[in-house]
Amino acid sequence: MLLSIVVPCYQAASYMRRSLDSLLPGGKAPGGVEILVVNDGSKDETGQIAESYAARFPGCVRAIHQENKGHGGAINTGLAAARGRYVKIVDADDWLDVDAYQSLLATLADLDSDTREVDLVVTNFVYEKVDRRRPVAVRYGDVLPEGRVFGWEEVGRFRKRQYMLMHSLVYRTGLLRETGLVLPEHTFYVDNLYAYLPLRQVRTMYYLDVDLYRYYIGRPGQSVNEAVMLARVDQQLAVNRAMMPALDAARKDPDAAKAMRRYLLHYFEIVSAVSSILLIRAGFQAALEKKEAFWREVREEDEWLYRRLRRSVIGQLTNLPGRSGGGSPCSPTRRRSGRSGSTSQPAQRALPAQRAGPFNERCRLRPTPG
């Protein structure tokens, strides 16, 4: 089996067909594609729809049912069941571009026949936002070599608003199992961990410059609601904390590639920025105290990291003393970001975006009970 696509679904009956229909052409690909539809304890028709696709497309679609475990739990279940050499996550309200999908499958088939193992394939993704006339693509041609296998030593410096989200990534399945990746259950923002924790073990990569993943924002039931985001900020902070050991291990590893250490720091900085900004925008004392407590913890854990983040441009903007920055004279200069766990109440999407891009288009609300 060439590729496993895991589709976590919760209360997705009204929109999951578009996602699944976009994946079905892969069933005819050489080597084969399996679509694992993980019904995460849905109360609507999600389970029946998953079963109907499995019945219509046997050998291609598998329906998996479980009690609700959240986005991370649904991904864990899909990864455990995956039989493909490579694996990709596609959320139930997103879809793949058909032409780019065919290019991906052809590329994976070529890589599969090569003697050199590729740990990670990176593609572009596109924000499909209802109230925006033109979709916004996030691409990596300025930082990643195109159309060949490369290692970290050839990775350039990512821009402040540029990083590889889960939507960009196709992992070698064996790599994820070798890392022992298990995402937290009933937790939002775990896609940050999926896109971050395995990278220390990645040695070889391939960048395919196609706009594959269509990341939909704005369907009925979604809301870029800061109140909802702030209600879950403790989970975002928990995900941020879970990223720190990987960054610390990479920094202390004498064999770790410099570009890999630099990228992990860059991603951690962005995730930290969004959290700080959300807490600042909350404007009440308890939120500011949470921000102060987080940065005290960072400083106690790693003085170098604290000072490095404090010196960054966005760090200076998000931790200025006083109400505008939300900091106090003793607070650091940092910021933070996150997204959500999509199978357990509205997962979210983003800071109020003044311009589109992976930094401020970060969080989207997805239905997910608890």
Side-chain angles (χ1 to χ4, degrees), residues 5-6 8 70-76 78-79 82 86-91 94 118-127 138-140 143-144 152 155 158-173 175-184 187-208 212-213 215 235-236 238-247 249-250 259-275 336-343 347-350 357-364 366:
I5 300 179
V6 178
H71 193 234
I75 291 175
N76 292 339
L79 293 179
Y86 298 95
V87 63
K88 183 162 186 64
I89 311 300
V90 177
D91 284 320
D94 299 332
V118 175
D119 295 325
L120 177 64
V121 176
V122 181
T123 64
N124 310 324
F125 71 95
V126 179
Y127 290 112
V138 178
R139 302 185 175 108
Y140 306 98
V143 290
L144 302 178
W152 282 105
V155 174
F158 283 70
R159 299 188 305 275
K160 286 295 181 184
R161 293 173 179 264
Q162 183 184 36
Y163 54 121
M164 297 181 291
L165 300 185
M166 182 176 74
H167 322 309
S168 314
L169 308 180
V170 179
Y171 281 115
R172 180 171 60 83
T173 309
L175 176 91
L176 296 183
R177 291 176 177 158
E178 290 159 17
T179 65
L181 179 71
V182 178
L183 299 175
T187 304
F188 288 79
Y189 312 110
V190 296
D191 56 329
N192 282 310
L193 300 179
Y194 183 86
Y196 191 83
L197 298 183
L199 294 183
R200 281 188 57 227
Q201 278 68 46
V202 168
R203 296 293 178 267
T204 53
M205 293 170 271
Y206 187 101
Y207 172 50
L208 178 63
L212 174 68
Y213 194 104
Y215 190 178
Q235 295 180 42
Q236 182 167 319
V239 167
N240 248 155
R241 291 183 175 100
M243 295 167 71
M244 286 182 66
L247 176 58
M260 186 262 285
R261 294 197 300 264
R262 183 174 65 224
Y263 178 75
L264 292 182
L265 176 61
H266 170 74
Y267 197 144
F268 184 82
E269 181 178 293
I270 290 174
V271 172
S272 299
V274 177
S275 287
R336 183 166 228 189
S337 141
R339 177 171 155 290
S340 119
S342 113
T343 348
Q348 52 241 49
R349 181 136 191 128
F359 176 74
N360 52 15
E361 290 278 9
R362 191 66 190 99
C363 305
R364 139 176 78 177
R366 298 177 183 279

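Counting begins at 1 with the first residue of the sequence. What's counted below: heavy atoms across the whole structure, side chains too, no hydrogens, waters or symmetry copies.
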Spacing of [X] atom [atom1] and [Y] atom [atom2] [to the nearest 0.5 Å]:
{"X": "Ile89", "Y": "Ile75", "atom1": "CD1", "atom2": "CD1", "answer": "5.0 Å"}
{"X": "His266", "Y": "Arg159", "atom1": "NE2", "atom2": "CZ", "answer": "9.0 Å"}
{"X": "Thr123", "Y": "Arg139", "atom1": "OG1", "atom2": "CZ", "answer": "11.5 Å"}
{"X": "Leu165", "Y": "Gln162", "atom1": "CG", "atom2": "CD", "answer": "10.5 Å"}

Using side-chain heavy atoms (C-beta onward) and a distance below 4.5 Å, is [X] in contact with [Y]?
{"X": "Thr179", "Y": "Leu197", "value": "no"}
{"X": "Ile270", "Y": "Arg161", "value": "no"}
{"X": "Arg177", "Y": "Arg172", "value": "no"}
{"X": "Phe158", "Y": "Arg262", "value": "no"}
{"X": "Gln236", "Y": "Phe188", "value": "no"}

If we ignore angles and hydrogens, is there a donor and acceptor under 3.5 Å between the side chains of Tyr213 and Asn124? no
Examine the side chains of His71 and Asp91 and answer whether a donor and an acceptor come within less than 3.5 Å of each other. yes
Partner residues of [X] under the side chain to side chain contact (heavy atoms under 4.5 Å, CB included) criterion, sequence neighbours left out:
{"X": "Val122", "answer": "Leu120, Tyr140, Leu144, Met164, Ser168, Leu169, Tyr207"}
{"X": "Ala250", "answer": "Arg200, Met260, Arg261, Leu264"}
{"X": "Leu176", "answer": "Leu79, Val87, Tyr171, Leu181, Tyr194, Pro198"}

Shortest non-hydrogen separation from [X] to [Y] and the atoms involved:
{"X": "Leu247", "Y": "Tyr196", "result": "CB-OH, 3.5 Å"}
{"X": "Val170", "Y": "Lys88", "result": "CG2-CD, 3.7 Å"}
{"X": "Pro184", "Y": "Leu193", "result": "CD-CD1, 3.7 Å"}

Evaluation steps, side chain to side chain contact (heavy atoms under 4.5 Å, CB included), between Tyr263 and Leu199: CA-CA 10 Å; Tyr263 178 75; Leu199 294 183; 3.5 Å; yes
Carboxylate-amine/guanidinium proximity below 4.0 Å for Asp119 and Arg203: no
Checking side chain to side chain contact (heavy atoms under 4.5 Å, CB included) for the pair Tyr163/Val138: CA distance, chi angles, key distance, verdict? CA-CA 9 Å; Tyr163 54 121; Val138 178; over 6 Å; no
Asn76 side chain to Val182 main-chain N or O, any donor-acceptor pair under 3.5 Å? no
